[in-house]
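Quantities reported herein were computed from a predicted structural model and do not represent experimental measurements. Reminder, nothing fancy here: chain letters follow the sequence lines and each chain counts from 1.
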Number of protein chains: 2
Amino acid sequence: MTYENMFSALGDSTRRQVFEAVADRPRAVGDLAADLPVSRPAVSQHLKVLSDAGLVVCRAEGTRRIYAARPEGLAELRTWLERYWSDALESFAAEVNKGRDA
Amino acid sequence: MTYENMFSALGDSTRRQVFEAVADRPRAVGDLAADLPVSRPAVSQHLKVLSDAGLVVCRAEGTRRIYAARPEGLAELRTWLERYWSDALESFAAEVNKGRDA
DNA sequence: ACTTACCGTAGGTCATGACTTACGAAAATA
DNA sequence: TATTTTCGTAAGTCATGACCTACGGTAAGT
């Protein structure tokens, strides 16, 4: 939901792998854990963090829970990025000029 | 440098404030600390993390160190974002169709 | 040379979080 | 109903990291 949650969620390597996997295609928890070096409960916890951050959504299919990436989540990240990217460009250009003076 | 470093760097609230401040305009360490609720050494440590992540650069001006945002850093983040955003769009569309079947 | 301003790093404390095993709940199956 | 499958959560361990104070080092001013 917040930038805080999103960035810190994607800041963990294992958790980013989980996200990238479900972004590739929706998967169940057990399937995700099978392709990762951590236990299934660990994957569950990572998915909860990603879900709280608004980066994934969940759908029940029998006893299985199918997780999928949530595009709106990345869209929010993109909003932040676009803003500070233009800021960074301007301030960096000014910095280069300052450097020329000195 | 790596996505790992970038996301985890921006995942901390205080550190993201530091980055946003220098993105607005280049600043010295003491000036940054004056506007933040943490000590100056803490700001120094955050700047080191941001620097290792390739998100900021530094320039000496007398005893002062002027830090500025590094646009190429955000550009890398954008590359990641664009890729997984399109992935997420496709997988999410497929997910919606699956949901319709069930 | 001495003092002042500004900064990075070392060392230590404390909270956060990533991971594990154990357990309980819900749905399909027989 | 009993069993199996799949999953989330609780409880505990251990490493990471965010923060502080103290210290040392460099550049400018007197």
Separation of C:dC19 C1' from A:L36 CG (nearest whole Å) = 13 Å

Sugar-phosphate, base or nothing in reach of B:A42, heavy atoms under 4.0 Å | sugar-phosphate

Taking CG from B:L50 and C1' from C:dG8, how many angstroms apart are they, rounded to a whole number?
-> 15 Å

Would A:D12 and A:R16 pass as an ion pair if we require N to O under 4.0 Å?
-> no

Closest of D:dC7, C:dG11, C:dA18 to the A:D12 side chain is C:dA18

Looking at D:dG8, C:dT20, D:dC19, which one has an atom nearest to any side-chain atom of A:V38?
-> C:dT20

Under-4.0 Å side-chain N/O to phosphate OP1/OP2 contact, B:S39 with D:dC20 = yes

Considering only heavy side-chain atoms of B:S44, the closest of D:dC7, D:dC19, C:dT9 is C:dT9

Rounded to whole Å, the CZ-C1' distance (B:R59 to C:dG8) equals 18 Å

Roughly how far apart are A:L55 CG and A:F19 CZ, rounded to 0.5 Å?
-> 5.5 Å

Is any side-chain nitrogen or oxygen of A:T63 closer than 4.0 Å to OP1 or OP2 of D:dT4?
-> no

Sidechain N-carboxylate O distance under 4.0 Å for A:E76, A:R78 = no

Could you give the NZ-to-C1' distance, from B:K48 to D:dC19, as a whole number of Å?
-> 17 Å

Protein-nucleotide distance (A:R40, atom CZ; C:dA25, atom P), rounded to Å | 15 Å

If the plane angle is over 60° it's perpendicular, under 30° parallel, otherwise tilted; pick one for A:W80 and A:F7.
-> perpendicular

Is A:H46 near enough to C:dC19 that one of its side-chain N or O atoms lies under 4.0 angstrom from OP1 or OP2?
-> yes

So what does A:A28 touch, heavy atoms closer than 4.0 Å: a base, only the sugar-phosphate, or nothing?
-> sugar-phosphate

Residues B:R25 and A:D87 bridged, charged N to O under 4.0 Å = no

5′-ward residue of the pair B:P41/B:V49 relative to DNA chain D = B:V49

Does any N or O in the side chain of B:R15 come within less than 3.5 Å of the main-chain N or O of B:S8, such that one atom is a donor and the other an acceptor?
-> yes

Give a yes/no answer on whether the side chain of A:Y67 brings an N or O atom under 4.0 Å of OP1 or OP2 in D:dG8.
-> yes

For the pair made of CG in B:D52 and C1' in C:dT9, what is the distance, rounded to whole Å?
-> 14 Å

Nearest-nucleotide pick for A:R15, side chain only, options being D:dA18, D:dC20, C:dA18 = C:dA18

Gap between atoms CZ and P, on A:R64 and C:dT29 respectively (whole Å) = 12 Å

Nearest nucleotide by nearest heavy atom, which residue falls closer to the 5' end of DNA chain C, B:Q45 or B:D31?
-> B:D31

Tell me: CZ of A:R27 to P of D:dT6, nearest whole Å?
-> 16 Å

B:R65, nearest nucleotide to its side chain (from D:dC7, D:dC20, C:dC7) | C:dC7

